[in-house]
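Taking it in order: structure first as structure tokens, then the write-up.
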Amino acid sequence: MSPVDELKQKLTSCFPDAEIEMRKADDPNGFQFLNVYAGTLEVAVEWKPNMHFGLSSFCGDSSALDGLFDTPSEWCSTTEATFHRIASLIYDQKSTIHQASKISEIRHDRGMSQEHLSEQLNVKQATYSKLERRGDVKVSSLRKVIEAMGGRLRIQAFFPDTQDVREISFE
Amino acid sequence: MLCETLDQVEDELSGLPNKPEPSMTLDRMFPPQADRISTVEGYDLKRLDSLRHITYIAGNGAMEIRLKRRPKDGSDVAQFSKPGADGRSISDICPKLAAKNL
């Protein structure tokens, strides 16, 4: 049973009213896809051997072209983590697209405590806690926090008049 | 031929390597990747899956991009459709697709 078969089984068991479709590429080492439709939410998952699960979710008011040829919004390393993330999205009926998250929400979704992160960052927990509650954070501090969570910081600027999306780099 | 042409154009104009990685966002287009393709049994038709959409490509060059799930408002499931060199569309080649994805 592939990890996607396993994921499908867990989801079917926990969300019996959800419609779940699965598809596998012809290549035995190719991609496997899972699309879960629960309420007005659609969660799309893709996985292939030696790769993490990639997922995106779309609300009922999403445009038909949303997600077309896009890379997944989020990545989970295990079947268990992917299942929990999908369950959380379904319970909250939340889209991963154009969805800003607070640092505390990301930390929570990744199963990390403030204590653990403050140790990783070599600061007191009270100091880290203040950072999460601040409305304005230095980019360098934000980068350190995201990297301590195992991530990589990317900052994008969106210009509605031209639909242009530019990634910002810092020297 | 379509895949080779796209690769050659991107090699010349994008300045980026031909290394599609699922987790990266590059300013370069890639042709349909073999590890996303499945065969539609009984028809000269390939299916390319992405997260939320399916691209059908037929041997005559016809193409169609559609959502994996039919919109509940009754709007057309096909987001893009192009007939092949002989004038036949994906629906002409595989009429069953009018009712459901295969």
Side-chain angles (χ1 to χ4, degrees), chain A residues 4 19-58 60-77 95-97 151-152 154 156 164-167, chain B residues 2-3 6 10 14 16 19-57 63-82 97 99-102:
Chain A
V4 179
E19 292 175 46
I20 301 175
E21 293 172 6
M22 185 171 165
R23 183 83 183 189
K24 297 184 182 183
D26 288 344
D27 181 349
N29 292 316
F31 277 92
Q32 298 180 24
F33 304 90
L34 203 63
N35 290 78
V36 185
Y37 306 96
T40 58
L41 193 77
E42 174 185 352
V43 184
V45 183
E46 61 179 41
W47 172 89
K48 74 172 191 173
N50 301 314
M51 207 183 87
H52 292 329
F53 287 89
L55 68 95
S56 296
S57 65
F58 306 85
D61 59 356
S62 294
S63 151
L65 293 177
D66 277 352
L68 180 61
F69 302 138
D70 275 350
T71 53
S73 303
E74 302 179 5
W75 297 88
C76 297
S77 56
S95 167
T96 56
I97 304 297
R152 199 163 44 113
R154 288 163 57 181
Q156 291 183 333
D164 190 18
V165 180
R166 305 297 294 273
E167 185 161 324
Chain B
L2 173 67
C3 298
L6 182 57
E10 292 293 330
S14 76
L16 293 167
K19 283 186 182 176
E21 291 287 343
S23 60
M24 293 172 72
T25 302
L26 294 178
D27 289 329
R28 174 184 173 128
M29 287 190 289
F30 299 97
Q33 300 297 303
D35 57 4
R36 292 177 174 272
I37 293 176
S38 55
T39 307
V40 180
E41 291 292 331
Y43 300 92
D44 182 17
L45 201 56
K46 296 288 185 188
R47 168 176 165 156
L48 169 75
D49 274 77
S50 48
L51 278 169
R52 200 181 173 220
H53 298 81
I54 302 167
T55 303
Y56 288 107
I57 305 172
M63 277 179 57
E64 183 173 296
I65 299 173
R66 52 164 70 179
L67 282 164
K68 287 186 177 179
R69 195 187 208 198
R70 292 183 168 275
K72 289 197 171 172
D73 62 3
S75 57
D76 198 359
V77 67
Q79 304 306 311
F80 170 80
S81 188
K82 181 192 86 63
L97 285 174
K100 63 179 218 172
N101 296 329
L102 298 175

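Here is how names work: the chains are called A, B, and so on, in the same order as the sequence lines, proteins then strands, and each is numbered from 1.
The cationic group of A:Arg23 does not satisfy the cation-pi geometry with A:Phe33, failing either the under 6.0 Å distance to the six-membered ring centre or the 45° limit from the ring axis.
Closest approach of A:Ser95 to A:Ser57, counting heavy atoms only: OG-O, 3.1 Å. The two residues A:Glu19 and B:Arg69 have their closest heavy-atom pair at OE2-NH2, 2.6 Å. A:Glu46 approaches A:Phe31 most closely through the heavy-atom pair OE2-CE2, 3.7 Å.
Heavy-atom distances place the backbone of B:Ile37, and not its side chain, under 4.5 Å from chain A. Looking at A:Glu42, the atoms closer than 4.5 Å to chain B (heavy atoms on both sides) all sit in the side chain, from C-beta outward. Contacts between B:Arg47 and chain A at a heavy-atom distance below 4.5 Å involve the side chain alone, from C-beta outward.
Among A:Gly30, A:Ala25, A:Pro28, A:Gly54, the residue making the largest number of heavy-atom pairs under 4.5 Å with chain B is A:Ala25. Between chain A and the residues B:His53, B:Arg52, B:Lys46, the largest count of heavy-atom pairs under 4.5 Å involves B:Arg52.
Atoms CG and CG, from B:Leu51 and A:Leu55 in turn, are 8.5 Å apart once rounded to the nearest 0.5 Å.
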